[in-house]
Amino acid sequence: MGTRAPQGLLLLLLLRLLLPRGASAGNLHSPGLSECFQVNGADYRGHQNRTGPRGAGRPCLYWDQTQQHSYSSASDPHGRWGLGAHNFCRNPDGDVQPWCYVAETEEGIYWRYCDIPTCHMPGYLGCFVDSGAPPALSGPSGTSTKLTVQVCLRFCRMKGYQLAGVEAGYACFCGSESDLARGRPAPATDCDQICFGHPGQLCGGDGRLGIYEVSVGSCQGNWTAPQGVIYSPDFPDEYGPDRNCSWALGPPGAALELTFRLFELADPRDQLELRDAASGSLLRAFDGARPPPPGPLRLRSAALLLTFRSDARGHAQGFALTYRGLQDADDPAPPKGSAQTPAEPPDGANVSCSPRPGAPEAAMGAQVFLTVTTVSVLLLLLLLLSLLRLLRGRSCLLAPGKGPSALGPSRDPARSWAVWYRRPRGVALPCPPGDPQDESLTASYRPLSASSQSSLRSLISAL
């Protein structure tokens, strides 16, 4: 890569003074509605099933009916590519963007691209025309036969620029937001050149720049936007060994919601920790053997410190997580399938059972409810113990089920229970004592006391 004039070094120092831990992501592109976190949409799992702009083209064929082609549900038995008994757009071969098979035309065309507006990796700003006079990005540039997306991002990040653009598979350009404002967008399919340094990545096209925010894959950052996305170091490349990175996360609000869109760590020694920024206490820890839960993860912290460490052998795709600040720690209620912390303390974490400051009424209400529940349970246990002591040695309770009574039909369904007993058997009669229907049955039985009968009737009703 080339070198930068002294003015560039001065700009870099000024940028570090203004944002000591990196620039905020999400300012140029919000991740709120994004369904893809890889540039080519290989992770798209949405439901668009027509080709062309905004699904206005031809209907897609079902993947379980495309055995005559290279890709079908049979060729993806474990669902790695998202194929199955559906006809949604997917990208199983690492193409430029999601696509699907269509009914073959007279021209022999049997597949088409799907133009999906919501499949747009946050931090990737799109494909732009580069005519060269003037260049689309006006900052320093360079070429490399080992170019990857992250190599270019790192180069422009070191130069103090906000944007990085890859072109023709081997060229890198740096620029600013003002360059982007006058840029001319090009179709996404024009940026189809494979990076010289990574066969699984795309680095622009012939006269076309694929432009990124340099915050993608940075090893540190100070993230204060209301919502955004944080990528693992070196993303979209694999993270390297001996990485020790941290990101300060403090959007407006009283709580945070995180959602992991991608998570792939090499082994248990590669770890991501979430700590409360104010106290430093460990809230959650994830690694290659303990992935985060699916769905949103809510944390009762206004600011977080995320720390990622890899060991000497660490190499994997890494992670991509979205965040948003919540104005209230309790409202709105977490959606079904979400995880809310603290659910269980992580290993080695300090646990405090003190009520939260600012919520004495909630703590008092919980304490009163717990006390009432405990007293009720104790009273019920005392009642059962008394009855057991009274009826010790007697098998004296026979309660009928939902069907008719074993002692004969009841003429009045509203009649109360009368409990009689004798050793060693017992019976519960669905009629009052003295009923002519059951005089013969109760002749050899002795009635319980009125208080015992009342208690047993209550217990039977509860059952």
Side-chain angles (χ1 to χ4, degrees), residues 29 31-105 107-124 126-127 149 187-195 198-205 210 212 216 229 231 235-238 259-264 291 294-295 316-322 337:
H29 181 76
L33 299 177
S34 180
E35 293 187 271
C36 298
F37 290 82
Q38 295 182 8
V39 179
N40 61 355
D43 59 328
Y44 177 70
R45 297 297 181 267
H47 294 165
Q48 181 162 317
N49 59 2
R50 299 183 72 91
T51 65
R54 300 186 180 275
R58 307 181 63 189
C60 298
L61 298 180
Y62 281 75
W63 293 102
D64 59 352
Q65 300 175 2
T66 58
Q67 286 82 2
Q68 71 274 25
H69 299 302
S70 299
Y71 296 96
S72 67
S73 57
S75 61
D76 186 26
H78 303 294
R80 179 181 178 185
W81 301 327
L83 309 184
H86 60 76
N87 65 337
F88 306 136
C89 302
R90 294 293 183 261
N91 189 2
D93 60 346
D95 206 333
V96 181
Q97 64 187 67
W99 55 273
C100 70
Y101 291 115
V102 296
E104 189 169 355
T105 65
E107 296 81 12
I109 297 173
Y110 60 91
W111 67 272
R112 295 276 189 182
Y113 286 119
C114 303
D115 187 1
I116 308 171
T118 55
C119 184
H120 191 109
M121 171 187 166
Y124 176 64
C127 188
V149 171
T189 51
D190 285 2
C191 289
D192 59 354
Q193 296 291 316
I194 295 174
C195 300
H198 196 302
Q201 294 181 10
L202 299 174
C203 285
Y212 294 80
V216 173
V229 59
Y231 294 102
F235 195 92
D237 295 3
E238 294 183 344
T259 303
F260 285 86
R261 308 292 182 168
L262 298 171
F263 191 87
E264 181 187 332
Q317 180 61 72
F319 59 85
L321 67 89
T322 57

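Everything numeric here is computed off the predicted structure, so don't read it as measured data.
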Visitor: On a heavy-atom basis, which atom in Cys119 and which in Pro98 lie closest, and how many Å separate them?
Guide: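 Reported closest heavy-atom pair: SG-CG, 4.1 Å.
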Visitor: So, taking the atom named CD in Glu35 and the one named CZ in Arg261, what distance separates them when rounded to the nearest 0.5 Å?
Guide: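 The distance works out to 9.0 Å.
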Visitor: May I ask you to test the Cys36-His120 pair for a side-chain heavy-atom distance under 4.5 Å?
Guide: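 No, every pair of side-chain atoms sits at 4.5 Å or beyond.
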Visitor: If you compare all heavy atoms of Trp81 against all heavy atoms of Asp76, which two are closest, and at what distance to 0.1 Å?
Guide: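 Smallest heavy-atom distance, with atoms named: N-OD2, 3.0 Å.
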Visitor: Answer yes or no: are there more than 12 heavy-atom neighbours, outside Phe263 itself, under 6.0 Å from its atom CZ?
Guide: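 Yes.
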Visitor: Ignoring hydrogens, what is the shortest heavy-atom contact between Asp43 and Gln38? Give both atom names and the distance.
Guide: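 Looking at all heavy atoms of both residues, the shortest contact is OD1-N, 3.4 Å.
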Visitor: Checking Val39 against Met121 for the side-chain contact (heavy atoms from CB on, under 4.5 Å) test, could you report, in this order, the C-alpha distance in whole Å, the side-chain angles of both residues, the deciding distance, and whether it holds?
Guide: CA-CA 5 Å; Val39 179; Met121 171 187 166; 3.3 Å; yes
Visitor: I need the minimum non-hydrogen distance between Glu238 and Gln317, along with the two atoms involved.
Guide: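 Glu238 and Gln317 have their closest heavy atoms at CG-N, 4.0 Å.
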Visitor: Asn49 vs Asn87, test: side-chain contact (heavy atoms from CB on, under 4.5 Å). Steps then yes/no.
Guide: CA-CA 6 Å; Asn49 59 2; Asn87 65 337; 3.5 Å; yes
Visitor: Sort out for me which residue in Phe235, Tyr212, Tyr231, Phe37 forms a ring pair (Phe, Tyr, Trp, His ring centres under 6.0 Å) with Tyr124.
Guide: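 Of the listed residues Phe235, Tyr212, Tyr231, Phe37, the ring pair (Phe, Tyr, Trp, His ring centres under 6.0 Å) partner of Tyr124 is Tyr212.
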Visitor: Does the pair Asn40 and Val96 meet the rule for a side-chain contact (heavy atoms from CB on, under 4.5 Å), with working shown?
Guide: CA-CA 5 Å; Asn40 61 355; Val96 181; 5.8 Å; no
Visitor: Report the C-alpha distance between Arg90 and Leu83 in whole Å, list the side-chain angles of each, state the deciding distance to 0.1 Å, and finish with yes or no for side-chain contact (heavy atoms from CB on, under 4.5 Å).
Guide: CA-CA 7 Å; Arg90 294 293 183 261; Leu83 309 184; 3.9 Å; yes
Visitor: Under 3.5 Å, side chain of Arg50 to main-chain N/O of Arg58, donor-acceptor pair present?
Guide: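 Checking the backbone N and O of Arg58 against the side chain of Arg50, no donor-acceptor pair under 3.5 Å is found.
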Visitor: Which donor-acceptor pairs under 3.5 Å do side chains of residues 67-74 form with protein atoms, sequence neighbours excluded?
Guide:
from: Gln67; atom 1: NE2; to: Asp64; atom 2: O; distance (Å): 2.8
from: Ser72; atom 1: OG; to: Ala74; atom 2: N; distance (Å): 3.3

Visitor: Side chains of Phe260 and Leu321, heavy atoms from C-beta outward: is any pair under 4.5 Å?
Guide: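 In contact.
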Visitor: Pair Trp63, Trp99 - check ring-ring contact (aromatic ring centres under 6.0 Å, His included), show working.
Guide: CA-CA 12 Å; Trp63 293 102; Trp99 55 273; 5.6 Å; yes
Visitor: To the nearest 0.5 Å, what is the distance between CG (Leu202) and OG1 (Thr189)?
Guide: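 If we round to the nearest 0.5 Å, Leu202:CG and Thr189:OG1 are 11.0 Å apart.
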Visitor: Relative to the ring of Tyr113, is the ring of Trp111 parallel (under 30°), tilted (30 to 60°) or perpendicular (over 60°)?
Guide: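 The arrangement is perpendicular - the two ring planes meet at more than 60°.
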Visitor: Kindly give the heavy-atom pair with the smallest separation between Val149 and Asp237, and that separation in Å.
Guide: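 The answer is N-OD1, 4.3 Å.
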Visitor: Which pairs with one or both residues in residues 66-102 pass disulfide (SG to SG under 2.5 Å), sequence neighbours excluded?
Guide: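 Pairs touching residues 66-102 that pass the test: Cys60-Cys100, Cys89-Cys114.
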Visitor: Applying ring pair (Phe, Tyr, Trp, His ring centres under 6.0 Å), can you list everything that pairs with Phe88, at least two apart in sequence or on another chain?
Guide: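 Residues passing ring pair (Phe, Tyr, Trp, His ring centres under 6.0 Å) with Phe88: His47, His86.
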Visitor: How far apart are the closest heavy atoms of Asp93 and Asn91, and which atoms are they?
Guide: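 Between these two residues, the closest heavy atoms are OD1-OD1, 3.0 Å.
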